[in-house]
Amino acid sequence: MSGGPPVVIVGAGPAGMAAAATLAEAGLRPMVLDKFPGPGGQGWRAPAVGGSGPLASLDGEDARRARERFLELARSGRIDWYPETTVIDLTRERLWAVGPSGEVDSTAWSRLVLCPGAIERIVPLPGWTLPGVYTLGGAQTALKGQACALGRRIAFLGTGPLLWLAAAQHVIGGVEVAVVADTARLQGLLVSFPALLANRHRLGLGLRCVRVLRRARVPVLRGVRALAILGQGHVEGVRVTTRRREWSFACDAVATSFGLVRQLQLPDLLDVPIRFDRESESWLAEVDDAHRTAVPGVYLAGDAAGIRGATAAALTGERAALSLLEDLGRPVDAARCVRLRKQLQRHARCARALGRAFPLPSALEAEIADDTIVCRCEAVTAGALREAARAFEVDEINRAKALTRCGMGRCQGRFCGPTAARVLARARGIDLEAAGRLRTQPPIEPLPAHVRPVEGGSMA
Amino acid sequence: MEDLDDPIDGVQGRWVRLARGDGVPVPFTIDGIPARGRAGEMSIAAILAIRPDLGSLPPDRRSRAGFCLIGLCQDCWVRLEDGRRVRACTTAVEPGMAVRLDSSDESW
C-alpha cells in the first residue's frame, strides 16, 4: 500500500485478529495496535512459555489457529503489527498511543476498526479490596498466560458461564478450587435450556465444566443470596449465604465476576451514539448488522459491540472487515456475508438466553453496606455516595463523581461506574438510565509523568 | 544450590507457579534482594511468586496485589530504581530489573 493514512485496527483479540486477517488477505495492509506483547486478547490469549501438559490443553484449537494466522501475516509484512501499544486518545483524523519505548506516538487513520473488548462486571462485595481478590478474567490470565495460580485455594464468586469455565480450567490446571458460588438459580438455567440448544458447542462446553467440577468434588452453590470475602489484611476465606444456610470456605484467593461490561471509551471519543439497553440494563454503542457505526469509516467489533463469546467476536471482526472492504468499493462475497449473519444470529440467541440464565443480582447491589468501598482507586464507600446523592440532590453520575471522587481515580471509573450509577439511582429513586454514565476523558489510560510525545507522529 | 523461589525471611509468595522449573531464568531484584523470574513472565507474576503484595498506593495506603491483570484497573503500578514506573501486569520481567516496593513515601 502506498500513500494515504492506514486502516487501523485497535485490539488484537479474536475480533481484531479476524478483522486484520480478512483485510490482509484482501490485499490491504492494516496497522494493528494492542496493549499486550502477543495477539489473542483475553479470550484467545497465548499460553505461557513453559506452560505444558494440562495447562497447554486449555488453549483452544480455534484460538491457536487464529494467532498463528495473524502472526504469519505480521511476519510476512502483510499486517503492520504494533504490540505493547496502548491507545490513549482518538479524534476523527488521528490517534495517539504509548508504545514499548514509553513515548506517545501518533498516526493519522483513514478507516478504523475498534475492538476494545469488555471487562468484568464487578459487584463490590464486603472485603473485595483485600489483596488476593481478582477479577475472573485475571484468574484466567494468570492461569493460561502466566502458568500461575492466584493462590493455593481459590474461591469463585459471582455469576455467569465464565465463572464455571474458569473454575473448571483451574481444576484441569491442578489448582484447588474452594467453592463455586453463583447467584443465578438453577431454574433460570433450565428455562433457558431450549434456547441454549441453539449453540450446542457452548452448551456442551458448559456441561463439561460441570462434570469436571463434580469429579473434583468442588463444592458448588447456586441461587446464592449473599457473598462476603473474609480476612484481616489478606483473603482468609469466603462466606456464602443460600436460602437454607450460611457456608464458610477457607481460601487465600478469590476470583469474581458478575458478567461483562463493554469497553466504550474509544467509540465514545469519536461520538459514536451510545444508548441505554433496557434488556441488559447497560450502555451500548450503536452498530448496524454489518458492524458499521454512525461515524463514517468507523467500525466496532468484538465484545464491545455485544457480549457473545470469543467465537462470535471473531465473526464480528470478519464482518466489520468485509463492510470496510465494501465501503472501499472492493468486491465482497455476498454468500459469505449471509453465512456470517446467520451464524451471528445464532450466537446472539444463545447470548440472550445466557443473559437470562445468569442475571445480574440487583438485590446484592441494592444491599451494598454503607462501609463497603465502591470505587477502589479513590476508596469511596457506598455510604459516601448515598450521602452525597441525598445531601446535594444529585441525580447524575458525573455530578456524583465531582462531589465524591467516585470514578475519578486510576481506572477512570471502569470498575465502579456501573455500580455507582445503580447506587445513585436507588438512593434517589430514579431510573438507572437517568443516572447516566461516566464521561470518557482522554487520555483514557493514565500515563507516567516521564512520557514524552514524538513530534509530528512517526507511526505513519 | 540456593532456590530463589524459596520464601525470603519466611514471607510466602501469593501466587503459585504451576510449571515450576520451565522457562529461562531472568535475574532481577525486589528492594535490592535478588529474585528470579522466568522469560516471558510478566513482572507481577515474578514479584508475587515470592511476595504477598506489591506495597501500597494512595489514597488509603491499602496493600494491593493487582486486580484485573489485563492492564485496566491500574492497581499494579510499581516503581523501578531507574525512576520508571511500570504496570506490572503488562510489563515483562527483564534481566536486571530493580523493583522498589518499599517506597511508602511515594505519591502516585
Side-chain angles (χ1 to χ4, degrees), chain A residues 35-37 41-42 45 48-55 84 86 100 102 117 119-120 122 128-135 137-143 145-152 173-175 233-234 252-253 263 373 376-379 405 409-412 414-415 445-446 448-450, chain B residues 12-26 37-49 51-77 79-80 82-87 89-93 107-108:
Chain A
K35 179 185 278 180
F36 279 85
Q42 311 317 326
R45 181 184 299 282
V49 181
S52 53
L55 284 178
E84 293 180 74
T86 302
I119 61 167
E120 243 82 28
I122 291 302
W128 77 290
T129 55
L130 288 168
V133 181
Y134 294 90
T135 64
Q140 284 181 299
T141 300
L143 182 74
Q146 298 289 297
C148 285
L150 301 176
R152 281 141 196 90
V175 182
H234 58 97
D252 61 352
Q263 287 298 280
I373 286 176
R376 61 189 285 122
C377 302
E378 293 294 327
R405 299 190 65 83
R410 297 181 276 268
C411 87
Q412 298 175 302
R414 280 179 175 81
F415 287 99
E445 301 211 10
H450 62 71
Chain B
Q12 209 178 25
R14 170 167 300 285
W15 289 16
V16 181
R17 284 183 174 130
L18 299 170
R20 229 184 143 86
D22 288 353
V24 180
V26 178
R38 298 182 299 194
E41 198 170 59
M42 292 300 164
S43 35
I44 191 168
I47 296 167
L48 293 180
R51 288 294 195 105
D53 58 58
L54 302 170
S56 64
L57 281 182
D60 57 350
R61 293 264 161 239
R62 187 178 69 231
S63 77
R64 71 219 150 85
F67 180 60
C68 81
L69 308 181
I70 59 170
L72 286 172
C73 75
Q74 320 295 345
D75 215 55
C76 67
W77 285 82
R79 198 165 65 90
L80 305 182
D82 65 12
R84 276 188 299 155
R85 278 159 218 248
V86 296
R87 191 171 45 209
C89 79
T90 56
T91 309
V93 63
S107 63
W108 199 76

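Sequence lines set the chain letters: A, B, ... in the order given, protein chains first and strands last, and positions in each chain run from 1. This structure is a prediction, so every number in the text was calculated from the model and none was measured.
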Original post:
Would A/Q146 and B/L69 satisfy side-chain contact (heavy atoms from CB on, under 4.5 Å), going step by step from the backbone distance to the final call?
Top reply: CA-CA 11 Å; A/Q146 298 289 297; B/L69 308 181; over 6 Å; no

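- The nearest pair of heavy atoms linking A/C148 to B/R17 is SG-CG, 4.0 Å.
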Step by step, would you call A/K35 with B/L72 a side-chain contact (heavy atoms from CB on, under 4.5 Å)?
-> CA-CA 10 Å; A/K35 179 185 278 180; B/L72 286 172; 3.5 Å; yes

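- Contact of A/Q263 with chain B is made through the side chain alone, with heavy-atom distances under 4.5 Å.
- Heavy atoms of A/R405 lying under 4.5 Å from chain B are absent altogether.
- Within the 4.5 angstrom heavy-atom criterion, only side-chain atoms of B/L48, from C-beta onward, approach chain A.
- Among B/G83, B/C89, B/A92, B/C73, the residue making the largest number of heavy-atom pairs under 4.5 Å with chain A is B/C73.
- Between A/R45 and B/I70, the closest side-chain pair of non-hydrogen atoms falls below 4.5 Å.
- Closest non-hydrogen pair, B/F67 versus A/I122, comes out as CZ-CD1, 3.8 Å.
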Handout entry: Stepwise side-chain contact (heavy atoms from CB on, under 4.5 Å) check, A/E84 with B/T90
Key = CA-CA 8 Å; A/E84 293 180 74; B/T90 56; over 6 Å; no

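- Heavy-atom pairs under 4.5 Å with chain B peak, among A/C377, A/P100, A/G409, A/G137, at A/C377.
- Looking at heavy atoms from C-beta onward, B/D60 lies out of side-chain contact with A/T129 at the 4.5 angstrom threshold.
- Heavy-atom pairs under 4.5 Å with chain A were tallied for B/E41, B/M42, B/R62; the largest tally goes to B/R62.
- The closest side-chain heavy-atom distance from B/Q74 to A/Q412 is not below 4.5 Å.
- The candidate with the highest count of non-hydrogen atom pairs below 4.5 Å against chain B, out of A/Q140, A/E120, A/R376, A/E445, is A/R376.
- Heavy-atom distances place the side chain of B/R87, and not its backbone, under 4.5 Å from chain A.
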Practice problem: Start with the C-alpha gap between B/L18 and A/L143, add the side-chain angles, then the distance that decides, and say whether side-chain contact (heavy atoms from CB on, under 4.5 Å) holds. | Solution: CA-CA 8 Å; B/L18 299 170; A/L143 182 74; 3.5 Å; yes

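- Across every non-hydrogen atom of B/L57 and A/R410, the tightest pair is CD1-CZ, 3.4 Å.
- Of the atoms belonging to A/R152, heavy atoms from both backbone and side chain fall under 4.5 Å from chain B.
- Contacts of A/Q42 with chain B are made by side-chain atoms alone, with heavy-atom separations under 4.5 Å and no backbone atom involved.
- Proximity to chain B (any heavy atom under 4.5 Å) is restricted, for A/I373, to the side chain, taken from C-beta onward.
- The shortest side-chain heavy-atom distance between B/S63 and A/H234 does not fall under the 4.5 Å cut-off.
- Here the side chains of B/R64 and A/P131 are not in contact, with every heavy-atom distance at 4.5 Å or above.
- Taking both residues in full, the closest heavy atoms of A/Y134 and B/A65 are given as OH-O, 2.6 Å, listed atom of the first, atom of the second, then distance.
- In terms of heavy-atom pairs under 4.5 angstrom with chain B, the leader among A/G102, A/G138, A/A149 is A/A149.
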